[in-house]
Amino acid sequence: MHKPFGAWEDSNRSANPSLWEVSDPARRHVLRLTMGGAAAALYGALGAGCSPPRAGPGTARHAELPRLGFTGVPPSRADALVVPPGYVAEVIAPWGEPVGIVGAMPAWRPDASNTAADQARQLGMHHDGLQYVPLDGSRRGLLVINHEYTDDGLLFTDGMAAWSAAKTAKSQAAHGISVVEVALDGGRWQLVRPSRHARRITADSPVVLSGPAAGHPLMRTAHDPEGRVVRGTLNNCASGLTPWGTVLVGEENFAFYFRGGDARGADQRRWGLRSEGWYPWWTTDERFDAGRHPNEFHRFGWIVEIDPLDPASPPVKRTALGRAAHEGAWVAVTRDGRAVVYSGEDAAFESIYKFVSRDRIAAGGARANRTLLDHGTLYVARFDADGRGRWLPLVHGQGPLTPASGFADQGEVVVKARQASDLLGATRMDRPEWLAIDPRSGSVYCTLTNNRARGTEGRPGADAANPRAGNTMGHIVRWREGEDEGGDFDATAFRWEHFVLAGDPANERPEARGRIEGDFFGCPDGLAFDPRGLLWIQTDVHASQMHRGEFVRLGNNQMLACDVATGEVRRFLTGPVNAEVTGAAFTPDATTLFVDIQHPGEAPADRADPADPTRWSRWPDGERAQRPRSATVAIRRLDGGPIGS
């Protein structure tokens with residue numbers, strides 16, 4: 001999701017053969033919705049032990065879905081959150097508010113003078129993915145909120161000046177995940193505080209390793225000689241809810257937290273490790289000096305599983321799902337009840353993965369499925385020019401994944417998933433981010449946010465799946481599993497096509513011109529289906545681009561609804577100045593939409609000026625604001641009806 005502007009990962013591998021000449025990006029992008037036999041994915045909020053909805057022969061077609069029923073909003077440059085007439089949006093969980101841990105609720109200090117100990121009990125910075133876990137249906141539940149990164153120009157009263165161990169501790173405490181309890185009272189959502197469910201997980205919390213890399217020599221460090229418990233999770237982006245009631249969270253741009261020095265090896269360079277880290281944590285926390293502790297670098301980039309209903313349970317890094325700059329993870333279910341986890345790697349020229357569990361999902365919630373994601377098969381996607389694709393197994397001993405190629409065992413395969421994908425010939429995509437699984441048709445959608453480096457010197461050119469060089473606007477692909485329309489989620493073949501090529505139809509550059517039915521947008525990022533079957537799209541145009549050139553007409557970042565039966569896209573909301581709109585979670589009855597507004601007022605140079613923190617935005621506190629704050633917002637219709645109808 002967010003990454004320092006221009007921070008594109010280096011890659012030494014050769015490009016897949018160019019497929020541009022056989023691609024037809026103008027082909028109709030609305031898929032024929034005739035998939036009757038696919039199992040449906042989990043969607044919406046399911047409690048522990050619930051079974052996900054499934055589709056079978058005779059499943060309802062999209063023609064029966066409700067259509068878009070709201071008045072679209074125009075592009076905006078206002079420092080405000082704008083929603084359609086008849087809707088209300090209320091801030092309920094901004095950065096710095098106490099999460100509600102019993103006996104520990106330090107108040108927010110607008111001048112950012114809270115300590116690291118305070119921050120470890122408050123909502124973290126820069127909200128991203130979130131999930132709603134019901135406690136009482138659509139009236140009371142838990143929000144699991146990711147905090148992707150920090151802007152240390154805002155986090156401290158004096159910004160990054162005079163960096164210290166105390167600043168490292170506070171920055172680490174502002175990362176991670178918050179679990180808060182919320183309730184609908186008198187038509188308004190509010191935090192429930194204190195709450196026995198309230199919890200903070202930070203970049204210093206113990207996180208257990210499981211799966212083939214747990215205990216592996218590549219995971220052992222001076223701080224953890226057994227290689228089984230990591231301190232912390234960080235750069236947490238999108239998330240998905242499992243049928244057994246847990247939340248899966250991605251660790252995305254972890255490489256920026258480490259100092260590599262001048263002696264970086266080929267493995268470290270392949271993973272984007274730089275000589276100097278984006279964060280100065282390494283100056284006071286030696287774990288983040290990869291020159292001194294190279295294996296610590298291997299302990300991040302995993303999918304983390306959290307049980308929000310058990311605040312005493314440790315988070316778990318599920319290494320069988322592979323190491324990557326994971327945006328997030330989303331679960332589908334096969335006809336025989338096995339879990340299939342899809343994930344994208346939000347990095348230029350990286351890939352899309354899926355994991356198929358060996359065992360079936362058991363009744364009994366999180367406890368009954370505590371090892372489900374430790375056993376199964378990991379695959380990486382290859383998109384072919386004829387609209388077909390293959391899932392290539394990342395399995396030790398198969399194909400080139402042998403000791404002769406540098407893979408001693410399955411643990412090394414998952415730690416070095418990028419190198420393994422290189423050898424297998426996986427398709428190098430334009431930053432695959434969020435995925436969403438249509439609960440009715442079983443089609444899988446993935447946003448490709450952008451990749452302005454495609455086609456530049458030494459980089460891969462356009463191909464069938466990524467048809468635009470200098471791709472500043474991004475696109476969305478979708479596929480159906482199987483060689484035919486009856487494929488299941490564990491199929492090793494699929495059929496794919498472009499759903500949307502994003503951009504403004506008025507752009508002068510053809511490669512930035514959109515092909516969209518309805519309201520235009522650029523840089524698709526967040527993606528989710530609501531309980532009624534509407535597809536929701538969120539955008540992430542960087543602040544350094546937003547106010548110039550071909551991006552000007554797009555306005556602030558936005559969230560749009562899409563009727564997949566017709567392909568119509570309609571703008572539902574626009575965010576404050578320089579903010580990203582991200583995270584989408586619905587109550588089961590679809591009458592409330594929770595959304596995160598990330599980094600309002602982000603400076604084009606990525607870090608705020610501590611002497612002028614409100615230069616770009618005062619959202620959400622308005623004139624009294626001393627600094628802008630990321631926040632979770634609850635959106636409802638004034639008449640109490642379903643969102644978007």
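All values derive from a computational prediction rather than experimental measurement.
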Does a side chain donor of either [X] or [Y] reach within less than 3.5 Å of an acceptor in the other side chain?
| X | Y | result |
| --- | --- | --- |
| T233 | E251 | yes |
| T472 | R452 | no |
| T221 | N295 | no |
| S113 | T157 | no |
| H147 | S178 | yes |
| D525 | T447 | no |
| H326 | E252 | no |
| S210 | D374 | yes |
| E148 | Q598 | yes |
| S343 | W330 | no |
| H547 | N578 | yes |
| N557 | T539 | yes |

Please find the pair of heavy atoms, one from F258 and one from L273, that lie closest to each other, and give the distance.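 Scanning both residues, the minimum pair turns out to be CB-CD1, 3.5 Å.
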- Task: Taking all non-hydrogen atoms of both residues into account, name the closest pair between V414 and A213 and its distance.
- Result: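 Minimum heavy-atom separation between V414 and A213: CG2-CB, 4.0 Å.
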*Using atom types as modelled and distance alone, determine if a side-chain donor or acceptor of K317 lies under 3.5 Å from a backbone N or O of V207.*
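The answer is no, because no donor-acceptor pair under 3.5 Å joins these two groups.
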Has T115 got a side-chain atom pairing as donor or acceptor with D118's backbone, closer than 3.5 angstrom?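 Side chain of T115 to backbone of D118, a donor-acceptor pair under 3.5 Å: yes, one is there.
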Between [Y] and [X], is the closest basic N to carboxylate O distance under 4.0 Å?
| X | Y | result |
| --- | --- | --- |
| D463 | R468 | no |
| R418 | E350 | yes |
| R509 | D504 | no |
| D285 | R287 | yes |
| D621 | R629 | yes |
| E433 | R431 | yes |

* Stepwise, does the salt bridge (charged side-chain N to carboxylate O under 4.0 Å, His left out) test hold for R270 with D422? -> CA-CA 10 Å; R270 179 64 188 86; D422 294 347; 3.0 Å; yes
Original post:
Think R259 forms a cation-pi with W282, using NZ or CZ under 6.0 Å from the six-ring centre and within 45 degrees of its axis?
Top reply: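 R259 over W282 ring: yes.
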Is the Lys NZ or Arg CZ of R323 less than 6.0 Å from the centre of W271's six-membered ring, within 45° of the axis?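 Yes.
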Note to self: If you apply the rule side-chain contact (heavy atoms from CB on, under 4.5 Å), what do you find for V304 with V316, and how did you get there?
What the structure shows: CA-CA 5 Å; V304 183; V316 181; over 6 Å; no
**Prompt:** Would F407 and H396 count as a close aromatic pair, with their ring centres under 6.0 Å?
**Reply:**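 No, they do not, as the ring centres are separated by 6.0 Å or more.
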- Task: Answer with yes or no after comparing the ring centroid distance for Y257 and F288 against a 6.0 Å cut-off, counting only values under it.
- Result: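 No; F288 has its ring centre 6.0 Å or more from that of Y257.
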Next item on the list: Step by step, work out the side-chain contact (heavy atoms from CB on, under 4.5 Å) result for L209 and M219.
Entry: CA-CA 9 Å; L209 289 163; M219 304 289 274; 3.6 Å; yes
Requested in this report: Please lay out, stage by stage, how W95 and Q119 fare under the test side-chain hydrogen bond (donor to acceptor under 3.5 Å, both in side chains).
Outcome: CA-CA 9 Å; W95 159 46; Q119 180 62 81; 3.1 Å; yes
Problem set entry | D430/N450 under side-chain contact (heavy atoms from CB on, under 4.5 Å): CA gap, chis, key distance, verdict | CA-CA 6 Å; D430 286 349; N450 54 41; over 6 Å; no
Salt bridge (Lys or Arg N to Asp or Glu O under 4.0 Å) pairs, two or more places apart, involving residues 208-217: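 Pairs touching residues 208-217 that pass the test: none.
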Output, in order, the C-alpha distance, side-chain angles, deciding distance and verdict of side-chain hydrogen bond (donor to acceptor under 3.5 Å, both in side chains) for D204 and T202. CA-CA 5 Å; D204 195 47; T202 74; 5.5 Å; no
Notebook entry, point to check: Hey, what's the ring geometry for Y279 with H175, parallel, tilted or perpendicular (30° and 60° as the breaks)?
Noted result: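 Correct class here is perpendicular.
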Give a yes or no on this: more than 12 heavy atoms of other residues, nucleotides or ligands lie within 6.0 Å of atom CD of E276.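 Enclosed: over 12 neighbouring heavy atoms sit under 6.0 Å from CD of E276.
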| task | Flag yes if more than 12 heavy atoms outside R618 fall under 6.0 Å of its CZ atom; otherwise flag no. | result |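 Yes, CZ of R618 has more than 12 neighbouring heavy atoms, counting only those of other groups under 6.0 Å.
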The test is side-chain hydrogen bond (donor to acceptor under 3.5 Å, both in side chains); show your working for S275 and D262 and say whether it passes. CA-CA 6 Å; S275 58; D262 296 328; 5.0 Å; no
**OP:** Only one of D152, T283, D158, T284 passes side chain to side chain donor-acceptor pair (under 3.5 Å) with K167; say which it is.
**Re:**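 For K167, the side chain to side chain donor-acceptor pair (under 3.5 Å) check succeeds only for D158.
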Any chance you could lay out the side-chain hydrogen bond (donor to acceptor under 3.5 Å, both in side chains) test for E327 and W434, step after step, and finish with the verdict? CA-CA 6 Å; E327 179 70 23; W434 293 55; 3.0 Å; yes
*To the nearest 0.5 Å, what is the distance between CG (N507) and CZ (F551)?*
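So the CG of N507 and the CZ of F551 are separated by 8.5 Å.
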**Prompt:** Yes or no on side-chain contact (heavy atoms from CB on, under 4.5 Å) for I537 and L527, after CA distance, side-chain angles and deciding distance?
**Reply:** CA-CA 5 Å; I537 303 166; L527 200 63; 3.8 Å; yes
